Asks: 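My questions all concern the structure below.
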Amino acid sequence: MSDLESNVEVVAKAAVMNQLPADGSGVRAESPLFHAELEVLAKQGPQQGGVHLRENKLQGHLTLRCNQNNPDQLAAVETVLGLALPIQPLTAVVKGDISIRWMSPDEWLIVVPGEQTFDIESCFRDVMTGHYSLVNGSGGQTIIELWGPDVVSLLKKCTPIDFHPTQFPVGKVVSSIFAKSGAVISRTGEDRFELVIRRSFADYLWLWLQDASREYGLVIEV
Amino acid sequence: MFYIYCPHCGEHREEEEFHAKGQAHIVRPIDPAACDDKAWGEYLFFRKNPRGLHHELWIHAAGCRKFFNMTRDTVTYEIKEIYKIGEQPSVVAGNKLAGNK
Amino acid sequence: MSQKNRLGTGGRIDRTTPLKFQYNGKTYTGFQGDTLASAILANGIDVVGRSFKYSRPRGVVAAGAEEPNAVLQLGATEETQVPNVRATQQELFDGLTSQAVNGWPNVDNDMMSWVGKLGGKMMPPGFYYKTFMYPKSLWDTYESMIRKAAGLGRSPLENDPDTYDKVNQHCDVLVVGAGPAGLAAALTAARSGARVILADEQSEFGGSLLSSKELLDGKPATSWVKSAVDELAGCADVLLLPRATVNGYHDHNFLTIHERLTDHLADKAPVGMVRQRLHRVRAKWVVLATGAHERPLVFSNNDVPGCMIASAVSTYINRYGVVPGSELVLMTTNDYGYQAALDWHDAQRKVVAIVDTRQNPQGARVEQARKRGLNVITGSAVIEVQGSKRVSGVSVATIDAAGNKVTGAVNRLNADTVASSGGWSPVIHLSSHTGSRPVWDDKVVGFVPGPTVQKQLTAGGINGKYSINEALSEGVLAGLNALAKLDLPATEVVLPSAADMVEEASMTLFQIPHLLPTSKAPKQFVDYQTDVTAAGIEVACREGFESIEHVKRYTAMGFGTDQGKLGNINGMAVAAKALNKTIPETGTTIFRPNYTPVTFGAMVGRDCGELFDPKRYTAMHKWHVEHGAKFEDVGQWKRGWYYPKPGESMQECLDRECKATRDSVGILDASTLGKIDIQGADAREFLGRIYTNAWAKLAVGKCRYGLMCGEDGMVFDDGVTSCLGDNHFLMTTTTGGAPRVLEWLELWHQTEWPELDVYFNTVTDHWSTLTISGPNSRKLLSELTDFDLSNENFSFMDVHQCTVAGVPARVFRISFTGELSYEINVQANYGMHVWEKLFEHGKQFNLTPYGTETMHVLRAEKGFIIAGQDTDGSVHPHDLGMSWCVSDQKPFSYVGKRGMARQDCMRENRKQLVGLKTKEPKVVIPEGSQAVFDPNEPIPMTMVGHITSSYYSANLGHSIAMGVIKGGLSRMGETVYYPQADGRVIEAEICSLVFLDPKGERQNV
């Protein structure tokens, strides 16, 4: 079938590379919050407080752009990830250590364990048909987990999003303003959220979160 | 501060997530070379500035990064309609205002 | 004497908790529960300030936000200074330190008062405009004198030690004001499960009920307030905000609330606490229950301390247990005003007289007064007050039924306090903020909210409904209305009621007549804070100002920190009379945000100091810091600017960095360049439409430089784009242009060419870009990779994947310096590792880090442009001498093609970018210098261009510059001149942009 042939051709036309150093190379990875020395703070900082913070670092971040009305593409995603693409706007799905966040009607952020990134990317290139793009952005962002009784109060200082449970239930995800930068904010539990933030803004946002959470007490965990 | 419905995200968001991009429905001439300077100049520079209903192009810059159209009353700042790119507005200025070029 | 005006019992103050405070350097005592104003009055302090223009002594007039006079400077230390705090809204705390804001040398003996005494005739409205305008040259002298004498308060000279916050809120119903109407509305909405925010500017909820003696269902009103507040506090979705002023009502039901969390506790917020918080509220519905302000009457010398509004007298007595004087004369146009005299009498002080402007009043309160044996004088008015620093007596005379003239003899009465009530003005400020025009209501004798496009409801005093029962039922109604609009089921709300009291109509009267015409009578103040008098408004009208907006601006009425809350309606009435119009015909000015002043701290929130603006860092930033880099801001990025060694000047450092790069190898952190991943079968076609040059034939593994223009044909960004796969490209943009370019691509794709199969994604932050440049860069790179770097295998403008220092990398052999150069891209998590490895192996080659400044010099030596520095939105590619980067062969009329073919873009003599060599090799022409052909031409000279980039080149041993010159490309070898502000004229020769290696051999080795 000519369609299939042309699809095969498309696959060959994008560059995919394993961007991680070989196992045992001893190369040090520095996540965006590396210099914040969170491990030290987790040991020496307060152990109790209204907000807890952890960097979920060095995950694989893949941005998939495709057509949500193309059943072949939806099926391909499920084949690769074992997880259906969330078509409903502003929703996220999680299964095991893989999550997918809806970013836009034709854009999803797929987070996978860092070391699986290349395999999954290659798998996509094998199975996915039609017009799509897949981009590895793992070095450009990181995930901050925030939880605790005061987490909503903290978030209300940072972003104009409404976090009332009727408006922002568990499983919702939004991209919005965060302080003077931005973040992809998702609710993973009643008092538990994840932020996906950009690397270059990570230091600013880390300073911001420390400042804004001061009145509640900030506990760092690793 | 506007409260703007994003037709792609399906909910209202604060104005600071959006950028206004000026007048909507400006059609690029199919054959620019066939335009004289006057016609090209009008495409390039001339914009409406109506008192009343105005059709504008916006982008949900901090959200889904999608462009969309907005019909807005420039006097009261009421947003009358939000519609996607490629669609036509259903709320348009009446005859009284149609004279506004 | 201590607290001579304090009553032994009563009020909502705690007499067991005395608080010490300072006013003008003296220590006084008040009680917990006092405001600064009530404590000042309790201590018998009459003068709280000097008036702005005439320096007349002024005392406390009101008890709330409308206070124009008791506007004080607070702060025990320099860092905690706050100007213009309304003493009536400042809760007393132990150690509070306050001062009058004007008056020199002090408020009691003000040297400036001669101005006031010599008379108002010397200072009519427009006085400053008229007197000090000419001669213009003397204005500076006048201004400094005027500024010294004028002004309210001062800013702190040290940094504010407190923390401020902003918080975003969402709710179904925002109720503004927690008086009877607001509480009823909030209860009604909250009982049905609506998300409610109730905000009130006072320290406790209750509004007018806090100082009322009326009973609700036979019980004190405050006991109902308590039960209502307790119930609200128990609702899960209700946010109660006392000490929180709703200051602004903006578009689409966006309101700001200024909450003061610690201003009542101490000078400085206790450790760990936020001092003030600005709530940014998006409310589905808003209920304005803001009440009303009492209007004082306008009569001669009505500003002498001791003149107050009637309801304030009641508030001080009932809420604070303070009687602000001994002998009261009350003047009123209405029944409600009598309450002040009743309360005064009940506090065992002498009511000298109640002067009612009406001919035959018989309402319930009037009869109560008569029953108590008080002296009620009807059909009369207080036409003038005696006294300077305190009222000593009043002149009372009969007036006609219309209130236009004095009809009988004048009687003098002794008194130290004059309370006046001219009726009430609804607090319509918030409703006006979004542009809604208030409407005059004859029955209310005031402006009420006009039609609005906001989702706004109103209840109680704001509608001119002043009785408690009306306020309560209007509140319930507003709550029910909101619920209906929100589609929420309503729950029944049964509210208590007060005893009905018969009230007669009030008299519509604003200005009290005097024996003399207004222009000759002693001053009758309309706006205390800006010293606007009735006579002044008449002058303005006589001089031809007919629009109320113009009268306001000419007289400065309503321009004070109190925004004319007390005076504006009276002023409009005076203007209407002078213009022979009705008040609705005269119209009203519109209130703007904010309702009361908001501190800068609250507006700034956390966006200050280190957090003022985001600082963006690359993965190698720490290395730059540790190696002494000076940084340059490029957008929000912090880029290494140059890396001086100890004792090295900037120029010495640049010279070293430039030479090291050309002689051996230098390294630049180029990670900040914008990077956009482009995928799709139509990516190539898209690039061809958006760039000016050709992309159809770029082979996989090759890079190409591209220029991006707007539809007008003017260059707006540039960069190298590489073909990674046939349908896969990586575009680079300028550092500052990255977000703009991505949005530009999306704009064209989403709105013009959605049929093209292409996706764009930013990968700017994903890749660290390490650029090594110089003749030894190949040798250095070969130390860290096994990849064949030979010119044959890896030629200029190639991109290859290879492993560098153990990390998979994309290496681009492109050059912005003209040297052999490699841009190594690795995932940013490994950027630091590779950077450090390069230095480990770079020692032998004297690997030298260089920053943006050396980068600028090196590229200028090669004549490479920087978009945004050498372009300014008015130059097209041909102006830049970059016609080689413009394709005429492309079938699609790419963005900018038609634009640069416009007549004006084709004309001769356009400003064109050229190189410039100074006659004096060491002289560097300042960037921005204007060029002239004839240095001897008299001013104004004909300017023919300017310098866009200019440096000293250590490699060439002379200065180099780039600049635009009219017709420059055809003027090679000609001389131009750059006259400087200091009188120097720099002479330069127009030359090629390429100063070094014109054949481009160095990058191809």
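Note on naming: letters A, B, ... go to the chains in the order of the sequence lines (proteins, then strands), and numbering restarts at 1 for each one. No experiment lies behind these values; they were computed from the predicted model shown.
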Asks: Out of C:E743, C:R280, C:Q454, which one racks up the most heavy-atom pairs below 4.5 Å with chain B?
Replies: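 The answer is C:E743.
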
Asks: Ring-plane angle category for B:Y83 and B:H25, please: parallel below 30°, perpendicular beyond 60°, tilted otherwise.
Replies: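 Parallel, since the angle between the ring planes stays under 30°.
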
Asks: Hey, what's the ring geometry for C:H250 with C:F254, parallel, tilted or perpendicular (30° and 60° as the breaks)?
Replies: tilted

Asks: Looking only at side-chain N and O atoms, does C:T734 offer a donor or acceptor that is under 3.5 Å from a partner on C:D717?
Replies: yes

Asks: Under 4.5 Å from any heavy atom of chain C, what part of B:H12 do you find: side chain, backbone, both or neither?
Replies: neither

Asks: Name the region of C:E752, side chain, backbone, both or neither, that has any atom closer than 4.5 Å to a heavy atom of chain B.
Replies: side chain

Asks: If we define contacts as heavy-atom pairs under 4.5 Å, which of C:E711, C:R282, C:K897 has the most with chain B?
Replies: C:R282

Asks: Heavy-atom pairs under 4.5 Å with chain C are the metric here; pick the option from B:I85, B:V27, B:I26, B:D31 that has the most.
Replies: B:I85

Asks: Is it the side chain or the backbone of C:L747 that comes within 4.5 Å of chain B heavy atoms, both, or neither?
Replies: both

Asks: Here's a test for you: under side chain to side chain donor-acceptor pair (under 3.5 Å), which of B:E16, B:E15, B:E11 qualifies with B:R13?
Replies: B:E11

Asks: Please classify the contact of C:H749 with chain B as side chain, backbone, both or neither, using a heavy-atom distance under 4.5 Å.
Replies: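 Neither part.
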
Asks: Checking heavy atoms, do the side chain of B:K21, its backbone, both or neither come under 4.5 Å from chain C?
Replies: side chain

Asks: Check for me whether C:R902 meets the cation-pi criterion with B:W40, that is, NZ or CZ under 6.0 Å from the six-membered ring centre and within 45 degrees of the ring axis.
Replies: no

Asks: Is B:I4 in contact with chain C via its backbone, its side chain, both, or neither, using a 4.5 Å heavy-atom distance?
Replies: neither

Asks: With a distance cut-off below 6.0 Å to the six-membered ring centre and an angular limit of 45° from the axis, does C:R689 pair with C:F892 as a cation-pi contact?
Replies: yes

Asks: Between B:F68 and B:F18, how do the two ring planes meet: parallel, tilted or perpendicular, split at 30° and 60°?
Replies: perpendicular

